[in-house]
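Following: one structure in structure tokens, then a few remarks.
Keep in mind it's a predicted model, so treat the numbers as computed, not measured.
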Amino acid sequence: MGLSTHAAPILAPSELPAAEVINPDGRSRVILVCEHASAAIPESLHGLGLRAEDRLSHAAWDIGARAIAMRLSELLDAPLVASRVSRLVYDCNRPPEAKDAIPAKSELIEAPANSNLTEGDRRARIRDVYEPFRALLAETIAARRSTEPVLITIHSFTPVYYGAFREVELGILCDTDDRLARAIHAAAPSFTTLKTELNEPYGPADGVTHTLKEHALPAGLPNVMIEVRNDFVADEAGANRIAEVLRRMIESGLEACEHSASPAFEKRHSG
């Protein structure tokens, strides 16, 4: 991207790295991703001007998503690529050109320091937060290409959005490749009573499938984005329960896709 290296680093040495791989030697085909795993804001940004009560809100991170992803990493024996910086600093599930990659306001919550950023400020955020995350995920996928990896991103969403209650409890999202998403959605009734919908409460038109479009679709990798309503994962016990449900749904969905003999899944058996 040719980003300038002149601006001071956003993250102090003690705050590095911007992204991490957990269970890097996991044997599963699945590669888990959690773009909104952390609410951490570098000291250099002085809390972005957030109110104290907003520092751990859904605007700053996906509540419970990291806990779900960590437990799934254990259950599936899968590597997990996770951001270590708040999405209010930079949303790693958005491309640099997206207006909401560095939001000045997320729903009703304002991040005053994100208003009126200079081009240098934006480039520094991209350089220090997005690019390390993007590179780490790309490297993780590349190192496992012989396994025909499957990309699964883990998110959570707030029950009330702009004052409206959301009935959906579990969202199974996809972009142009819907095979795995539809298979997992079809498996849901066998494993959960949660109200489960395709491309809800968000969908591709909302710009939320960047990671899938950047890392899975061009390479033909099976992929899906999972959204859990965060009132079900507000504590560790809830996150563990949901992770177990998702494990079963994912395994069932993968098995169904393999039996369908679609090219993306049969390729691993053709050598």
Side-chain angles (χ1 to χ4, degrees), residues 8-12 14-20 33-70 82-96 98-118 121-130 132-133 153-169 171 200-202 206-208 210-211 225-239 242:
I10 292 173
L11 278 70
S14 62
E15 296 170 328
L16 294 170
E20 63 183 330
V33 184
C34 195
E35 300 99 319
H36 306 150
S38 174
I41 298 172
E43 288 293 330
S44 67
L45 299 181
H46 307 291
L48 297 175
L50 290 168
R51 299 179 303 173
E53 59 266 33
D54 295 335
R55 289 290 299 267
L56 294 176
S57 70
H58 68 273
W61 66 329
D62 279 358
I63 296 167
R66 179 183 171 87
I68 297 169
M70 291 281 288
S83 174
R84 299 182 69 245
V85 181
S86 171
R87 65 178 173 188
L88 288 177
V89 177
Y90 187 95
D91 187 335
C92 287
N93 193 30
R94 299 293 190 277
K99 292 183 179 180
D100 57 350
I102 306 175
K105 188 174 184 179
S106 178
E107 194 202 3
L108 304 176
I109 294 173
E110 295 185 358
N114 286 349
S115 299
N116 302 316
L117 293 177
T118 67
D121 292 334
R122 292 187 64 86
R123 286 179 172 271
R125 304 266 190 109
I126 296 165
R127 178 198 66 200
D128 292 353
V129 181
Y130 175 68
F133 174 88
T153 70
I154 304 297
H155 296 258
S156 73
F157 62 96
T158 180
V160 179
Y161 191 64
Y162 284 106
F165 183 75
R166 288 160 153 171
E167 298 290 343
V168 63
E169 297 170 331
E200 292 290 347
Y202 309 107
D206 300 303
V208 300
H210 170 64
T211 296
M225 177 177 176
I226 296 176
E227 287 267 9
V228 182
R229 209 173 71 190
N230 68 28
D231 51 332
F232 290 97
V233 293
D235 57 26
E236 184 177 357
I242 292 296

What's the spacing between R125 CZ and D91 CG if we round to 0.5 Å?
12.0 Å
Closest non-hydrogen atom pair between A239 and G64, with its separation
CB-O, 4.4 Å
Taking all non-hydrogen atoms of both residues, which atom of V233 and which atom of V228 are closest, and how far apart?
CG1-CG1, 4.0 Å
Given L117 and I102, is the side-chain contact (heavy atoms from CB on, under 4.5 Å) satisfied, shown in steps?
CA-CA 9 Å; L117 293 177; I102 306 175; 3.6 Å; yes
Determine whether a donor-acceptor pair (N or O, by modelled atom type, separation under 3.5 Å) exists between the side chain of T158 and the backbone of H58.
no
Is a salt bridge present between E200 and R229, judged by a nitrogen-to-oxygen distance below 4.0 Å?
no
Does CD in E43 sit with more than 12 non-hydrogen atoms of other residues, nucleotides or ligands closer than 6.0 Å?
no
Quick one: OG on S44 to CD1 on I10, what's the gap to the nearest 0.5 Å?
6.0 Å
Do you know which of L45, L16, V89 makes side-chain contact (heavy atoms from CB on, under 4.5 Å) with L11?
L16
Short side-chain to backbone donor-acceptor contact, R84 and E15, under 3.5 Å:
yes
Do P96 and I126 have side chains that approach each other closer than 4.5 Å (heavy atoms only, starting at C-beta)?
yes
Between E35 and H210, does the side-chain contact (heavy atoms from CB on, under 4.5 Å) criterion hold? Intermediate values first, please.
CA-CA 11 Å; E35 300 99 319; H210 170 64; over 6 Å; no
Side chain proximity check, V208 to R94, heavy atoms < 4.5 angstrom:
yes
Between C34 and D62, is a side-chain contact (heavy atoms from CB on, under 4.5 Å) present by the stated rule, with each step listed?
CA-CA 9 Å; C34 195; D62 279 358; 5.8 Å; no
Verify, without hydrogens or angle tests, whether S38 (side chain) and S83 (backbone) share a donor-acceptor contact under 3.5 angstrom.
no
In Å, rounded to the nearest 0.5 Å, how long is the span from CG of L50 to CG of N114?
8.0 Å
P159 versus N230: any side-chain heavy-atom pair under 4.5 Å?
yes
Could you measure the distance from the OG atom of S115 to the CD atom of E110? Nearest 0.5 Å is fine.
7.5 Å
Pair S57-D54, side-chain donor/acceptor within less than 3.5 Å
no
Side-chain heavy atoms of W61 within contact of R87, under 4.5 Å:
no
Would R166 and F157 count as a cation-pi pair here, with the cationic atom under 6.0 angstrom from the ring centre and within 45° of the axis?
no
Minimum heavy-atom separation for R55 and A60, please, with both atom names.
O-CB, 3.3 Å
Rounded to the nearest 0.5 Å, what's the gap from OG on S106 to CG on D100? Could you check?
9.0 Å
Are any side-chain N or O atoms of D235 and backbone N or O atoms of G238, one a donor and one an acceptor, separated by less than 3.5 Å?
yes
A side-chain contact here means heavy atoms from C-beta on lying under 4.5 Å apart; do Y130 and V85 qualify?
no
Find out whether P103 and L88 are in side-chain contact, i.e. whether some heavy atom of one side chain is under 4.5 Å from a heavy atom of the other.
yes
Rounded to the nearest 0.5 angstrom, the CG-CE distance for N93 and M225 is 5.0 Å
